[in-house]
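Predicted model only: the values in this text are computed from it and were never measured.
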Amino acid sequence: RVLAWQELGDWVQTEEGRQMSPQQRELLLAVPHALKPGWRESVFKVSQRLCNLVATVCQMTEAPSERDLSTTGFTERCVWLVLGPLLERLSQAKSKVTASEALEAVVRIGGPGAAVRGALAHLTVMERSHRQSVDTLGWAHDVLLNYGTGDPRLRLQEVLLRLRQSFLFHSAQPVRQAALRVL
């Protein structure tokens, strides 16, 4: 599995791989969801290759122009496909650095608005451990500090409502504190 993900990552960097359409990128990023164990991989090296693949696809994609965020071909659906599994790796000591690099690439290409909304949606869809919630909210806080709230895809009212509904009244104090920092 390590070699398979490595080969796919190498292929993506070839001329043929660079010619991928946005739909092909989405399919490529959806592959780990379809395979078993895919993103639920427990072997660190395989997990690391998956994170590297996401970062490589993002690095190959052109950054959006400030006027037109839709020019990247890296859709919001692409962001949401990879965001959850990468955020889950933030809480794992061995995967934290690789996941952080891949998440940074996703934010740079997909936009901070889509990333923050996706992170909060990911947390509210399934019950996460307190540690994962705190790490994800801390990551969202850092994204907002570094990129600001100017991205039109952020939909600030939606983010504030989700924070209020799910995290400000959470039973764990660290989660409430992390939500207040994001707020």
Side-chain angles (χ1 to χ4, degrees), residues 1-92 94-123 125-126 132 135-136 138-140 142-144 146-147 151-155:
R1 291 189 311 253
V2 172
L3 291 175
W5 289 117
Q6 181 63 47
E7 276 190 38
L8 185 58
D10 292 344
W11 176 84
V12 165
Q13 294 176 350
T14 65
E15 191 60 39
E16 187 180 356
R18 292 179 195 275
Q19 302 298 325
M20 280 190 294
S21 70
Q23 293 82 11
Q24 289 170 324
R25 276 192 199 107
E26 281 185 30
L27 285 173
L28 177 68
L29 294 173
V31 166
H33 290 283
L35 299 176
K36 292 192 179 198
W39 279 112
R40 293 185 181 18
E41 181 65 61
S42 60
V43 178
F44 165 69
K45 287 185 178 186
V46 177
S47 177
Q48 187 177 26
R49 296 290 188 268
L50 282 167
C51 292
N52 289 339
L53 176 66
V54 171
T56 302
V57 170
C58 290
Q59 289 166 357
M60 288 177 19
T61 307
E62 293 179 26
S65 67
E66 290 189 21
R67 284 179 286 152
D68 187 9
L69 292 170
S70 65
T71 59
T72 66
F74 198 81
T75 63
E76 194 166 312
R77 192 172 21 203
C78 287
V79 173
W80 287 43
L81 270 173
V82 297
L83 204 59
L86 290 174
L87 289 169
E88 288 175 8
R89 276 154 184 71
L90 282 180
S91 299
Q92 300 170 357
K94 286 184 174 181
S95 302
K96 188 170 190 154
V97 172
T98 320
S100 296
E101 291 169 358
L103 283 167
E104 180 62 33
V106 168
V107 171
R108 185 178 54 78
I109 296 302
V116 169
R117 281 187 27 253
L120 295 178
H122 174 71
L123 280 177
V125 168
M126 299 176 123
Q132 283 181 328
D135 288 345
T136 300
W139 177 81
D142 293 344
V143 168
L144 290 173
N146 293 334
Y147 292 91
D151 185 350
R153 293 182 289 181
L154 182 57
R155 299 184 196 140

From [X] atom [atom1] to [Y] atom [atom2], the distance as rounded to the nearest 0.5 Å:
| X | Y | atom1 | atom2 | answer |
| --- | --- | --- | --- | --- |
| Gln6 | Gln48 | CD | CD | 9.5 Å |
| Trp80 | His122 | CH2 | NE2 | 11.5 Å |
| Trp139 | Gln132 | CH2 | CD | 14.5 Å |
| Asn52 | Glu101 | CG | CD | 7.5 Å |
| Asp135 | Gln92 | CG | CD | 10.5 Å |

Candidate pair Leu103 and Leu90, rule side chain to side chain contact (heavy atoms under 4.5 Å, CB included), full reasoning: CA-CA 10 Å; Leu103 283 167; Leu90 282 180; 3.8 Å; yes
Sole candidate of Leu53, Ile109, Val107 that passes side chain to side chain contact (heavy atoms under 4.5 Å, CB included) when paired with Cys58: Ile109
Over all heavy atoms of both residues, which pair between [X] and [Y] is shortest? Give the atoms and the distance, please.
| X | Y | result |
| --- | --- | --- |
| Pro112 | Val143 | CB-CG1, 3.7 Å |
| Ala115 | Leu83 | O-CD2, 3.1 Å |
| Cys51 | Ala102 | O-CB, 3.5 Å |

Min side-chain heavy-atom separation Thr56-Gln13 under 4.5 Å: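 In contact.
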Glu16, CD: over 12 other non-hydrogen atoms inside 6.0 angstrom: no
